[in-house]
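Single-structure report; data block below.
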There are 4 protein chains.
Amino acid sequence: MKVSVIGATGYAGVELLRLLKNHPKVEVVHITSESQTGTGIENIYTHLNNVYTKKLISMKDIDLIAKDSEVVFIALPHGHAMAVGKAFEGKNVKLIDLGADYRFKDTSIYEKWYKVDHTHKDAKRVYGLAELYRSQIKNATIVGNAGCYTTASILALAPLAKEGLVDLHTVVIDAKSGVSGAGRSAKVENLFTELYDNLKAYNVGGHRHTPEIEQALSEFSGEEVVLSFTPHLIPMSRGILSTCYANLKPGVTTQMVNEAFEKLYKDEYFIRLLGQGGYPATKNVRGSNFCDIGWHVDERVGRVIVLSVIDNLVKGAAGQAVQNFNIMCGFEEKMGLEGVPLYP
Amino acid sequence: MKVSVIGATGYAGVELLRLLKNHPKVEVVHITSESQTGTGIENIYTHLNNVYTKKLISMKDIDLIAKDSEVVFIALPHGHAMAVGKAFEGKNVKLIDLGADYRFKDTSIYEKWYKVDHTHKDAKRVYGLAELYRSQIKNATIVGNAGCYTTASILALAPLAKEGLVDLHTVVIDAKSGVSGAGRSAKVENLFTELYDNLKAYNVGGHRHTPEIEQALSEFSGEEVVLSFTPHLIPMSRGILSTCYANLKPGVTTQMVNEAFEKLYKDEYFIRLLGQGGYPATKNVRGSNFCDIGWHVDERVGRVIVLSVIDNLVKGAAGQAVQNFNIMCGFEEKMGLEGVPLYP
Amino acid sequence: MKVSVIGATGYAGVELLRLLKNHPKVEVVHITSESQTGTGIENIYTHLNNVYTKKLISMKDIDLIAKDSEVVFIALPHGHAMAVGKAFEGKNVKLIDLGADYRFKDTSIYEKWYKVDHTHKDAKRVYGLAELYRSQIKNATIVGNAGCYTTASILALAPLAKEGLVDLHTVVIDAKSGVSGAGRSAKVENLFTELYDNLKAYNVGGHRHTPEIEQALSEFSGEEVVLSFTPHLIPMSRGILSTCYANLKPGVTTQMVNEAFEKLYKDEYFIRLLGQGGYPATKNVRGSNFCDIGWHVDERVGRVIVLSVIDNLVKGAAGQAVQNFNIMCGFEEKMGLEGVPLYP
Amino acid sequence: MKVSVIGATGYAGVELLRLLKNHPKVEVVHITSESQTGTGIENIYTHLNNVYTKKLISMKDIDLIAKDSEVVFIALPHGHAMAVGKAFEGKNVKLIDLGADYRFKDTSIYEKWYKVDHTHKDAKRVYGLAELYRSQIKNATIVGNAGCYTTASILALAPLAKEGLVDLHTVVIDAKSGVSGAGRSAKVENLFTELYDNLKAYNVGGHRHTPEIEQALSEFSGEEVVLSFTPHLIPMSRGILSTCYANLKPGVTTQMVNEAFEKLYKDEYFIRLLGQGGYPATKNVRGSNFCDIGWHVDERVGRVIVLSVIDNLVKGAAGQAVQNFNIMCGFEEKMGLEGVPLYP
C-alpha cells in the first residue's frame, strides 16, 4: 500500500514515520514540509539516520502525491487540512487527517472553538476513534483522526454514557499531558528550563478538545453533554492521563460499572482494563498504541472516577492513524502496532 | 528562641533545618533520629556540610529536650507524635507537629482514616493553617500543622465556602504532587527509573488528606462537606497543584468570586492572587512559602475552577510550621520565610 | 527457535522480553525468578499486560529449561551465571550471559575486580561484542555479552587502537549513564528525589567495566592498555554517552582518523558514523540497538575526542544479546532489532 | 549601597535579583532590558510577584543609572559590556560584568575565541574569581566575573597547578552543565522535548571557556597551559560538574594532593573539600554559592581525577558576582549568600 505523509516534520508526523517504517504492508512514497522542502527528513531528525531517509517535497505537488499514493496522512496544524482535502476530491485517495478539521459533524462548532471558517463542510468524513466508530471508518474516504486528550477521555467515559450509568451534567475531566503535545515550535514557554520541575494548567474552560468530547458523549447518550475539561502540562515527554469524574445515577453499583466496561471493550486489543481499583500509569503504554483504563466507584461520595492513559503521540495521534488505516484497508487492526511499551 | 526538631532526617525535617538556619530569632538545640542516633545530620544530608552540623540524639531524651527547648517541632510519621505530645505535658514547651496526629477536632475521624488509636484525645490542639486559624494559633500550645495537599486545597476553596458561593456537594479536587511528598524510604515504586517520564494517580477515594479538607470546609460553611479528592504523582521534586471544581450557586458572578478571594486574602503576604484567568505554576513558588491562586469562572458549564500551588515541603510542611511558630512566638509572620522562589 | 530467560525480572531481563516478543524466529518457553517464582511477569511489570504473560519458574528447574530450550539468556547479577553455565554443560544448549562472568579471557582479572572466585574457568567462552568478535560468536556455545559502558567505549576506541593512531597510555574515558543502569533494587540513593536535578560521578578509578575495556583495547593494539574510566549518573532513564580522549600519535591527521572508522564500521548496520565534528545524542538511539559515533580531531591540543552513544538496555544489554543470538543461530543480524528509536 | 542591574531579564540577571533581594546592605535602584523596556520584571518572571516588582528601563539611560548607582552589575551577552564599560568611564561607579568582555588580560585571546573586536582594551580590569584573585578584586573598578564552567574547573585544578603536582600538558576537563546555562532564548534545540531524557556534548574543542581556564592555570603554574575542555548538556535545570584529569608528576602522593587542597582552601567558606574519595553532587549545592570538591588519586593509572560542582547560576554567575561585590565594598564575603542548598 503506497502512502504519503503531508506535514512530516512535527512530532506526530515523525512518529507516524516510525510506525509506518515497520508496517509490513506500507511503502511511504512522499513526505512533505513547506518550510524545509528539499531537505532530508534525517537531517532534521537525526535519529532517523540510516533508518529512514527521504527528501521532503512540497505539498503543492498535489498531483504527484495523488498519483503515487493510495492513502495520504495529513499531519498539519488545524485549518490547513481542509484545503488539502478539497484538492484531493475526485482523486481516489483516502485521507487520514491527524488534525481537527474533519472531526466535527457540525462544522459551526468547529468554527466557534477554532475561530476558523470551515471551507470543506460537505466533505464526507468519519470521526476516527477506532474502537467506537470502526464500522464507519471501514468505508470512509476521509477520516478525522481523534485528538489526544479526546481519545483518552472518550474511551474512559463511553461505557458509562452508553449504558446511562452516570449523570452527564456532572462530568469533570482533569487531564494531564506530557510536553510533546505542545509541538516542536520554538517558544520560551516550552523551553526545558521553564517546564522542568514545574507543573501548571492551561486553557481552562477553553481547550478545543472539549467540544470533541462533548460531541461523542452526546451521541452515545442521546442527550446534550456540556462538561468541564482542564488540561495540565506535565514535565515529561509523552503520555496523557485523563482523570474523569461523574456522579453515579441512583442504584448504580460497582458491578454495573464493571460490566459496562467489559461489554464495550472485552474484545479490544488496544484497550486494557485494569478494573475497579486499578491504577494506569503513562509509562506502561509509552511508545505503544494501548489505552489502559482503571476506575474507582466511590460510594462515600456517589461518584465514579475513571482513569485512562495513552501515549499521546501513538494512540493519541500516529498510532490511532495507523489503526484507522488498517481498518480502512482491511488489514489486521494491530498490524504494525505490536511494539511492546518501552519500560523503564 | 531555643527550638528542637524531633524526627529531623525526613525531607520535611531537613527542610525545617534549612529554614531555621537563617531565622534570626532561632537557635536549634537538639535534633533527633531513632535509626541514626549519634550520627551527624551532615553525614546523612551532605548538602549540610559546613552549614548545619549537629549530632542526632534519641527522642527518648525527652527531659533533656524539654529542659533546653522553648518550642519543639515534630516531624515524625503519623501515629508517633501523640506519645511525644503526652510526654511533654506540663513541661512548658510549645509543640508544632508536622504530622496528622493533632489535626482533627474529632479524633474518631482520625482513627477511621488512619487506622490508629488516638492516645491523646484530650490534648488542647489547634489546626495549623496559619491564614485561616491565626487567632487560635497565637495562643496554642499544640499546633497540628496542616497537611500539604490540604493546605493547597483549603486555601483554594475557603473563600468560596465562607461566602457560600458554591454548592459544596459538587466539590471535586484533583491534586498533583512532586515526589518529595512520598518521603525518603527505599521502595521500588519510588525509584527514579519507575517515576521518571511517568504519571499516575494513587489512593483514589481513600487519601487521608480528604477528611482534613472536609473538616475545614465544613467549619467554614456550616454544612457537612463530603468531597472527591484524587492525588497524582508527578515526575518532579517539589510542588503541589490543586485543581478544584465546584458548581456555582445560581446568580453567582465572576465579580462575586473575585471579591471573596480579595476579602479573605488581600492582606496575606504568602497568598498571591492571580485572579480570574490566572495560571499558577509550581516553579513560581519553589523553595518559598507562597501559595499562588488563580480561578476560572466558567459560565458555559456553571462551575468555578480554582487552581492553587505551593511548595509541598515549604508552605505544605516546614515553611508553614515556621509561620505558625512565628505566630505563636509573636514574631513577624514572614520572619525567616522571605527567600525568593528558586527559578528556573 | 525456543529460548528461555534466566533472571527475567531485572530491567535487562524485561527489555530482553520486549525485543524477543517481536522477533520472528523466537518462542520464549521459560522465564525465571528466584524471589518471585510462581508470579506472572505481567504482575511485576504491568506494562506487559495482554502483551507478554507468563509465569516465572525457578532456575533450579534446570533440566526442564535445558530440555525445552535451544538457547538460554542469563540476566543475573555477576557471580551467579557461572553455576548456571556449569549446570548446562553437556546439555546442548547455547548460553548468552548478559553479566560479567564470561567476559574475561584471564579469569584472575575477573576475580580481582569482582572479588568473587571464578568457578568455571575452563568454559569455552567468547566475548560478545558483535561487531568486533563476530566470527568467534558465530560458533560459540557460551557468549559473555559485553557490558554497557564497555560497548560504548570499545566501539569508540577500537578503530584507533587497531590502526595504531593514538597513544594508548593517554586514554581517558569519561562516561555518563542513565539511571536504568543501576537496576531495580530499592535503595535510597536511587530514589527519584535523590537523583532528579542531580549529577554525580561514582566508582572513580574502580568501576568493573575498566578491565573489560582494557582487555579489548590490549587485544586490538597488541600492547597492554591501562586507562582511566570514570562513570557518572545522569538524571534520565536510558542512554550512555562515552567521551573518550586520547593523544594522537605524531603525524596522524583527521583523514586518517576518518578512514579508520570507515574501514572498521562501513558495513555495520548498527553503527552510525557521524564523522569529524558530529555530535551523537542518547535520545537518537533510545529504544534501538544503534551506536552513534562522532569524533573531533583537535589539532590545537593534539588529541582526538570520540563520542559514542548507545541505549544501555539495548545495545548495552538486551539488544546486543539478541544480535549475538542472531549471529549464533545464523539469522540476519538485525532480525527483531529494526525498531526505530523512540523520539522525542 | 545602591546598585543597578543592566540586562536583568536573563536567567543570570534574575538570579542576581533573587540574591540581592535579601542582601542586607543592598538597594536595587535600576534594572534594564532593551527588548522589554517599560515592563515590570514581575510580569516576565511571575515568581517575583509581590516579592520583587520594578519597571525595566533602557540601558541607554546611562547618566541616570550612573547618578543613582554606586555599583552596576552587567548581565549582557558577551560583546555588549565593553560599550557600557566605556560609557561609565569617569563616573565613579564600580562595574561587575557577568559576561566575558573583561575576563582576559590579553584581549587578542578574547578576540580570537569570541570573534569580536575588543573596544575597551585599556580598561583596568580584574578577573573575578573571588577565592583566587581576592586581593586584586578588593581595589578593582571593573571586575570580569569568572564564567560558570571556568569557576568549577579552575577551583578544581588551581591547587595542583600552584603546587606543581601534575603535568599540565595532560589536563583533560570533561564538564557537564544543566540547561539553564543555555539561557532563555527560544530555540528548538533547547525545548523540553528535545533535551529531556537526552544527553550530548557540544562545542568540543571550541568552547569559549577553554582559554579562560588556560589563562588562570598558566598564571598559577608559570607555564603555558593548553588543555582539552569538553562541555555536555545534562537534562537538569541547574548545576555544573567538572571532571578534571591530569597525570601526576613522579613521586606525587595522595597526601601531597590532599595538602595542596587544604593549603589553598582551608579558610574558604564557599569551598567544601570532600577529600580523597569524595563524590560531590550538584544537588548538594543547588541554589547556594558553594563549590564542593573531591579528588581521586588513582595510582594504577598515575592520574588524579578532581571532581567539582557548583550551581552554575550562583557560584557560576550571580552568587560569585555578589561575592565579588562584597569584597569590593568591604562587606563580609558571605553576606547575602548564606542560604542553605535546596534539597531535595
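Values below: all heavy atoms of this structure, side chains included; hydrogens, waters and symmetry mates excluded. Throughout, protein chains are lettered first and strands after them, A, B, ... in sequence-line order, and every chain is numbered starting at 1.
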Residue selection (most heavy-atom pairs with chain C, distance under 4.5 Å) from Gly239(D), Ser237(D), Gly205(D): Ser237(D)
Engaged part of Val171(D) at the chain C interface, taking heavy atoms whose separation is under 4.5 Å: backbone
Largest heavy-atom contact set with chain C, pairs under 4.5 Å, which of Val172(D), Ile240(D), Asp298(D), Asn247(D): Val172(D)
Polar contact flag, side-chain donor to acceptor under 3.5 angstrom, Glu219(C)-Gln215(C): no
Which of Val204(D), Ile234(D), Val226(D) touches chain C most, by non-hydrogen pairs under 4.5 Å: Val204(D)
Leading residue by heavy atom contact count with chain D [cutoff under 4.5 Å; candidates His296(C), Arg300(C), Lys200(C)]: Arg300(C)
His207(C) and Tyr202(C) aromatic ring geometry - parallel, tilted or perpendicular at 30°/60° bounds: perpendicular
Other residues, nucleotides, ligands: >12 heavy atoms within 6.0 Å of Glu299(D) CD: no
Residue list, side chain to side chain contact (heavy atoms under 4.5 Å, CB included) with Thr46(D), at least two apart or on another chain: Asn284(B), Asn49(D)
Side chain / backbone / both / neither for Leu199(C) at chain D, heavy atoms under 4.5 Å: both
Side chain, backbone, both or neither of His169(C) within contact of chain D (heavy atoms, under 4.5 Å): backbone
Between Lys283(D), Arg286(D), Met236(D), the one whose heavy-atom pairs under 4.5 Å with chain C are most numerous: Lys283(D)
Options Thr230(D), Val309(D), Ile305(D), ranked by heavy-atom pairs under 4.5 Å with chain C, top entry: Thr230(D)
For chain C, the option from Thr170(D), Asp197(D), Leu195(D), Leu191(D) that forms the most heavy-atom pairs under 4.5 Å: Asp197(D)
